[in-house]
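Owing to the predicted nature of the structure, the values given are computational and were not obtained by experimental measurement.
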Amino acid sequence: MKIMDALAAARPADLEAAPDADRRYRDLEKALAQPVESPRRRGRPVRRLAIGVVAVGAAAAVTVALTGHQSGTPTPGKTPGDGKVGGEPIMLAADKAEAQPLGRYWTSDTVWGQSYIVSAKTGNYAITGAGWETFEWTAVKAGGGNLFYGRDLPARPQTPEDKAAWRKAGSPSSFRVWSNDHYQTYSRAAGSWSADHPQAKPGGRFEFSGMGDESRADGVTFDQLRHLSTDPDQLRQNYLQSPGNPAQRLLSVSEDLMSAPVPPKLRAGIMRMIPRLPGVYSVGTVTDPLRRKGIAFAADWPASGPLNHGYGSRTEIVFSPDGEFLGSEDVLTKPGGEYAKQRPGFVINYHVARGSAWRDKKPSPPAKLPF
């Protein structure tokens, strides 16, 4: 199995993927592992969750419609990833990222969601269900600890049109939808934060695959990240050592930036590297699922073969103008299959960073909902 093929194959072929809190991590573990024939395995450590309350909150590939791009908006034209045309905005953002400070603890707050179509006598409408938010802090130094939290997010109509249809249906407080082979009910009420086992791991090691031959299955230390070359060409070679198509590599970069306390200078180097990766192109400014404006680069998924599900799509990774990593999303580029009635720009799935930052004190998860 090639790197990330498992994750690619897990992308849903319809709008109703069954939620499974652990499946995302199982798929990442399989997908980010080296092929069997390779002498060196570069998988990342898989995170096993012990949070029962969020067991139905996440899916392997979460599908959220009409959130990151406006419906009916044509997908932007491609700007080749040559580091020149379309590369200037990301370079300016990289300069700002390089100046950001460090801290004793790395925190990551991420948001997931999934689209469902509600059947109603008064008219069908789309909701975001199976919503899940995770919050994790990890000490930079070994022995400093780690703590992981999760909570369910309220289900809600997606667009103003969907909200109008929901109101026409009587404004129900919960939604019963068909999910693969069973019905699932999602509530408009939010869940409470629940913590995994405190100090579940000692801290000091992080998931990161962009070290080339130095990547390890048990993660890397912050000291290794701090001493990794920040030269864009060297980083490009590191990521090119991972087999896979351009979209898979771009998703790998996204997961690294999402999960690891990448030092500011290294993050800036990665941002400068992105336009140089084969098959990566600029799509300009986009709006992410949390309604934040950002600079996006993208790579297309194969138009045929086992990774194609009857429609065209691309993976986009998004940065704020200040160099903050906002997350990744899969966006429809050519309608087909289960998305035959959707328009280019339809967001198929996303995994966004609500807030990834350095802290000097052990943080607590936010009380306010992301939406």
**Q** Can you see which heavy atom on Phe222 is nearest to which on Pro263, and at what distance?
**A** CE1-CG, 3.6 Å
**Q** For residues Tyr281 and Asp300, is any side-chain donor paired with an opposing acceptor at under 3.5 Å?
**A** yes
**Q** When rounded to the nearest 0.5 angstrom, what distance separates CG in Leu251 from CG in Asp330?
**A** 7.5 Å
**Q** Below 4.5 Å, heavy atoms only, C-beta onward: do Val262 and Asp256 meet side chain to side chain?
**A** no
**Q** With ring centroids as reference points, do Trp137 and Phe206 lie under 6.0 angstrom apart?
**A** no
**Q** Quick one: does Ser259's side chain have a donor or acceptor within less than 3.5 Å of a partner on Glu255's backbone?
**A** yes
**Q** Can Arg249 be said to sit on top of Tyr239's aromatic six-ring, NZ or CZ under 6.0 Å from centre and within 45° of the ring axis?
**A** no
**Q** With a distance cut-off below 6.0 Å to the six-membered ring centre and an angular limit of 45° from the axis, does Arg188 pair with Trp166 as a cation-pi contact?
**A** yes
**Q** Using atom types as modelled and distance alone, determine if a side-chain donor or acceptor of Asp109 lies under 3.5 Å from a backbone N or O of Phe135.
**A** no
**Q** Apply side-chain contact (heavy atoms from CB on, under 4.5 Å) to residues Glu133 and Val111 and explain how you reach the verdict.
**A** CA-CA 5 Å; Glu133 182 175 10; Val111 176; 4.2 Å; yes
**Q** Charged N to carboxylate O below 4.0 Å: is that the case for Asp233 and Arg276?
**A** yes
**Q** If I compare all heavy atoms of Ala165 with all of Asn124, which pair ends up nearest, and what's the gap?
**A** CB-O, 4.3 Å
**Q** Hey, could you give me the CD/CG distance between Glu329 and Asp288, rounded to the nearest 0.5 Å?
**A** 7.0 Å
**Q** Say whether, by atom type as modelled, one donor and one acceptor occur between the side chain of Thr138 and the main chain of Gly145 under 3.5 angstrom.
**A** no
**Q** Taking the side chain as every heavy atom from C-beta outward, state whether Trp106 and Pro363 have any pair of such atoms under 4.5 Å apart.
**A** no
**Q** Taking C-beta and beyond as the side chain, do Leu290 and Leu326 meet within less than 4.5 Å on heavy atoms?
**A** no
**Q** Only one of Asn308, Thr333, Asn245 clears side chain to side chain contact (heavy atoms under 4.5 Å, CB included) with Trp301; which?
**A** Asn245
**Q** I'd like to know whether Ser187 forms a side chain to side chain donor-acceptor pair (under 3.5 Å) with Ser174, so could you lay out the CA-CA distance, the side-chain angles of the two residues, the decisive distance to 0.1 Å, and finally the verdict.
**A** CA-CA 4 Å; Ser187 171; Ser174 63; over 6 Å; no
**Q** Is any side-chain N of the basic residue among Glu316 and Arg314 closer than 4.0 Å to the acidic one's carboxylate O?
**A** yes
**Q** Kindly say whether the aromatic ring centers of Phe325 and Phe319 come within a distance under 6.0 Å.
**A** yes
**Q** Working note: Leu153 + Arg151, criterion side-chain contact (heavy atoms from CB on, under 4.5 Å); need CA distance, chi angles, decisive distance, verdict.
**A** CA-CA 6 Å; Leu153 296 175; Arg151 68 174 173 182; 4.1 Å; yes
**Q** With distance as the sole test, does Asp162 use its side chain to make a donor-acceptor pair with the main-chain N or O of Tyr125 at under 3.5 Å?
**A** no
**Q** What do the steps show when you test Trp358 against Thr107 for side-chain contact (heavy atoms from CB on, under 4.5 Å), and what is the final call?
**A** CA-CA 6 Å; Trp358 298 92; Thr107 65; over 6 Å; no
**Q** Can you see whether Phe371 has Arg156 sitting over its ring - NZ or CZ less than 6.0 Å from the centre and within 45° of the normal?
**A** yes
**Q** Can you see which heavy atom on Pro157 is nearest to which on Phe175, and at what distance?
**A** CD-CZ, 4.3 Å
**Q** Side chains of Thr122 and Lys168: closer than 4.5 Å at any heavy-atom pair?
**A** yes
**Q** For the atom pair CE (Met258) and OG1 (Thr110), what is the distance rounded to the nearest 0.5 Å?
**A** 6.5 Å
**Q** Quick one: does Phe208's side chain get under 4.5 Å of Leu225's, heavy atoms only?
**A** yes
**Q** Between atom CG of Leu257 and atom OG of Ser328, what is the distance when rounded to the nearest 0.5 Å?
**A** 10.0 Å
**Q** So how far is it from Leu266 CG to Met273 CE, rounded to the nearest 0.5 Å?
**A** 9.5 Å
**Q** Please report the shortest heavy-atom distance between Val318 and Gly294, naming the atom on each side.
**A** CG1-CA, 3.7 Å
**Q** Starting from the C-alpha separation in whole Å, work towards a yes-or-no answer on side-chain contact (heavy atoms from CB on, under 4.5 Å) for Tyr311 and Leu332.
**A** CA-CA 7 Å; Tyr311 55 85; Leu332 186 70; 3.8 Å; yes
**Q** Give a yes or no on whether the backbone of Arg291 and the side-chain of Thr287 come within a donor-acceptor separation of less than 3.5 Å.
**A** no
**Q** Would a 4.5 Å heavy-atom cut-off, applied to side chains only, mark Val118 and Arg176 as touching?
**A** no
**Q** How many angstroms lie between CD1 in Ile270 and CG in Leu228, if you round to the nearest 0.5 Å?
**A** 7.5 Å
**Q** Is a side-chain N or O of Glu136 found less than 3.5 angstrom from the main chain of Ser108, in a donor-acceptor match?
**A** no
**Q** Please name the pair of heavy atoms, one in Gly210 and one in Leu235, separated by the smallest distance, quoted to 0.1 Å.
**A** O-CD2, 4.4 Å
**Q** Would you call the rings of Trp132 and Trp112 parallel, tilted or perpendicular if under 30° counts as parallel and over 60° as perpendicular?
**A** tilted
**Q** Ignoring hydrogens, what is the shortest heavy-atom contact between Ala155 and Gly129? Give both atom names and the distance.
**A** CB-CA, 4.2 Å
